[in-house]
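Encoded as structure tokens, the structure appears first; notes follow it.
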Number of protein chains: 2
Amino acid sequence: MDAKRKDIHNSDIPLLCRACEARHQGVCGALSTDQLVSLNKQSTRKRVNSGVELIGETQRTDSYANIISGVVKLTKMMADGRQQIVGLQFAPDFLGRPFRSDSGITADAATEVNICSFPKAMIDRMIKDTPELEHKLLEQTLKELDEARDWMLTLGRKTASEKVASFLSLIATHINPEWESGPLSFELPLTRSDIADFLGLTIETVSRQMTKLRKEGVIVIRNNRMVEVPDLARLVERASA
Amino acid sequence: MDAKRKDIHNSDIPLLCRACEARHQGVCGALSTDQLVSLNKQSTRKRVNSGVELIGETQRTDSYANIISGVVKLTKMMADGRQQIVGLQFAPDFLGRPFRSDSGITADAATEVNICSFPKAMIDRMIKDTPELEHKLLEQTLKELDEARDWMLTLGRKTASEKVASFLSLIATHINPEWESGPLSFELPLTRSDIADFLGLTIETVSRQMTKLRKEGVIVIRNNRMVEVPDLARLVERASA
DNA sequence: ATCCCGCCTTGACTTTGATCAAACTGCGCT
DNA sequence: AGCGCAGTTTGATCAAAGTCAAGGCGGGAT
């Protein structure tokens, strides 16, 4: 095993992605300087508004992207309109499904989103030449799989109240992963309707459970989007995580 | 790109795994003859009965395994005993979580299961030396992710009746992937209790919905485990897939 | 054969969350 | 300011699934 390979496998220091002009753990971290330079030429930065479809039925999926900022929701829809959010992606996640163009999932911007996108063909080519890239993809895919399975437990076995607490905990800890103690406030990246689709509930039930948590003093609702959590431990408790 | 690399990426012909004495799409497909020989020395075939824990709290996860036959259920459990099956694995799936020992999931034999297991350290070492192996793992992980997300839609948005039909369709099509038309009969690999844990329902609800499908002529229940489906299309329809 | 035990089914009733409907809030617009 | 609108909250009612309880079925052991 050469030193370079070892380095990639043992370290999780994000590398500089010149194409995105940002440090992140997206695909770029595995690339050589030469590859980054050529990627740089083909990549485009985009800013999209909330609600815009990034990958799906209408948008042909001929590109991958790194998320620079914002939140992307991955949604599955049934023929009759029922829908379920099957994943949320934050910076610096990688957006796109390798080796396949359709997975029956659409990706929409939940908030304003900045992405750096590049041609799918280019990345697919680099994957074949660069094992480190495949390693990065495997790590992200495993992370997404863990998250999906955690959420399956929430969808299948938790009560409405536990679901809402789980969602708020998820966002709270994601916004501030290094939190220790004391109050914490943050902006919800989703509307009530999106939260309902993420939790497998209706908007009315989400609203009622939020109200319940507010009345019990577990959360403070500043406005529809801004939430304050005086004691995260108490919220996490409600989630029965 | 050398020919060998290209071959692995473009072909999905299962290779002979000498360690398992079986052709399958598990990890062995990516290995060289030398690697297979050394794997052969360290691997052990095991037959385990239904209900036995393969990976989890008690069983220290220091090994990976290929499933030779049988069905393995991946379960998440809450502190109060509620549990959710987050995945089913069939031959020739690969069993084990790379790069991490605990993922909060236990793997139990749902039926009698035959596995071929090898030391985790050995595979982890081979992963670093053999990009093709990592490619195989990525493919399986993506498949599991797709399945998990499909199931999230089922858990979050389908009715009890649709859930049961979805489960039966899943098993029916898995048992006989090349099915065209005409009646189809198969053995359920799970108990009612397991089915309930997979669907996020109670055993009573599962039982009632099975009875309903039986009375409507969509399925015939030979005995608790044996089910006959006269017209698969009609069942799939009920699943609102 | 009979008993036993695990697994499954069925019935009566309760609870949770969905549905339907109405009203409220914040915000951009004229 | 007043209007309109999207998003949210709240209330009343309803239906779906859960809970509790009893009984049936089948396979293995004595």
Side-chain angles (χ1 to χ4, degrees), chain A residues 49-51 73 78 80-84 108 110-112 154-168 187-216 219-227 238 240, chain B residues 49-51 73 78 80-84 108 110-112 154-168 187-216 219-227 238 240:
Chain A
N49 290 324
S50 164
K73 52 179 178 168
M78 291 171 64
D80 63 4
R82 281 177 282 176
Q83 56 179 38
Q84 175 68 44
D108 304 87
T111 62
E112 180 179 284
T154 300
L155 288 173
R157 289 302 184 198
K158 291 189 186 173
T159 64
S161 161
E162 289 169 336
K163 283 180 176 180
V164 171
S166 297
F167 169 73
L168 293 172
E187 190 171 358
L188 296 176
L190 302 185
T191 64
R192 295 289 183 277
S193 174
D194 282 339
I195 296 171
D197 282 343
F198 191 38
L199 296 171
L201 298 171
T202 59
I203 55 172
E204 293 94 330
T205 300
V206 170
S207 178
R208 278 185 247 273
Q209 296 302 331
M210 296 270 288
T211 303
K212 190 167 147 252
L213 287 173
R214 178 174 56 73
K215 285 183 176 164
E216 292 168 341
I219 60 173
V220 179
I221 302 178
R222 290 259 165 268
N223 62 45
N224 288 341
R225 290 299 188 108
M226 283 301 293
V227 170
R238 299 306 185 94
S240 307
Chain B
N49 290 323
S50 162
K73 51 179 178 168
M78 291 172 64
D80 63 5
R82 279 177 283 177
Q83 55 179 39
Q84 175 68 44
D108 304 87
T111 62
E112 180 179 284
T154 299
L155 289 173
R157 290 302 185 197
K158 290 189 187 173
T159 64
S161 162
E162 291 169 334
K163 283 180 177 181
V164 171
S166 297
F167 169 73
L168 294 172
E187 191 172 358
L188 296 176
L190 302 184
T191 64
R192 295 290 184 277
S193 174
D194 282 339
I195 297 172
D197 283 343
F198 191 39
L199 295 172
L201 299 171
T202 59
I203 55 172
E204 293 94 332
T205 300
V206 170
S207 179
R208 280 186 247 271
Q209 296 303 330
M210 296 272 287
T211 303
K212 189 165 147 256
L213 287 173
R214 178 174 56 73
K215 285 182 177 165
E216 292 168 340
I219 59 173
V220 178
I221 301 178
R222 290 259 164 269
N223 62 47
N224 288 340
R225 290 297 188 108
M226 282 301 293
V227 171
R238 299 306 185 93
S240 307

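Note that the structure is predicted; figures quoted are calculated from it, not measured.
Taking the side chain of Ala160(B) as heavy atoms from C-beta on, and the options dA17(D), dT9(C), dG17(C), the nearest nucleotide is dA17(D). Among the nucleotides dT9(C), dG17(C), dT8(D), the one closest to any side-chain atom of Ile203(B) is dT9(C). Closest to the side chain of Thr211(B), out of dT10(C), dA17(D), dT19(C), is dT10(C). With dT8(D), dA17(D), dA18(C) as the choices, the nucleotide that has an atom nearest any side-chain atom of Arg192(A) turns out to be dT8(D). Distances were taken from every side-chain heavy atom of Leu201(A) (C-beta onward) to each of dA18(C), dC8(C), dT9(D); the shortest belongs to dA18(C). Nearest nucleotide to the Glu204(A) side chain, out of dT8(D), dT19(D), dT19(C): dT19(C). Among the nucleotides dT10(D), dG17(C), dT9(C), the one closest to any side-chain atom of Arg214(A) is dT10(D).
We find that CZ of Arg82(B) is positioned 15 Å from C1' of dT19(D), with the value rounded to whole Å. For the pair Gln209(B) CD and dT10(C) C1', the computed distance is 14 Å after rounding to whole Å. Taking atom CG on Leu188(A) and atom C1' on dT8(D), their separation rounds to 13 Å, with Å as the unit.
Checked by distance alone, Arg208(B) brings a side-chain donor or acceptor within 3.5 Å of a matching partner on the base of dT19(D).
Between Ala196(A) and Ile203(A), the shortest heavy-atom contact is CB-N, 3.7 Å. Minimum heavy-atom separation, Leu190(A) to Ala110(A): CD2-CB, 3.6 Å. The shortest heavy-atom contact between Ser161(B) and Gln209(B) is CB-OE1, 3.3 Å. Of all the heavy atoms in Arg192(B) and Val206(B), the pair that sits closest is CD-CG1, 4.0 Å.
A residue-by-residue look at Thr205(A) and Ile221(B) shows that Ile221(B) has its nearest nucleotide of DNA chain C further toward the 5' end. Residue-to-nucleotide proximity on DNA chain D shows that, of Arg157(A) and Arg225(A), the 5′-proximal contact is made by Arg225(A).
Put simply, the side chain of Arg157(A) gets close to the backbone of Gln83(B): a donor and an acceptor are under 3.5 Å apart.
Listed pair Ser207(B) / dC8(C) fails the phosphate criterion, with no side-chain N or O lying under 4.0 Å from OP1 or OP2.
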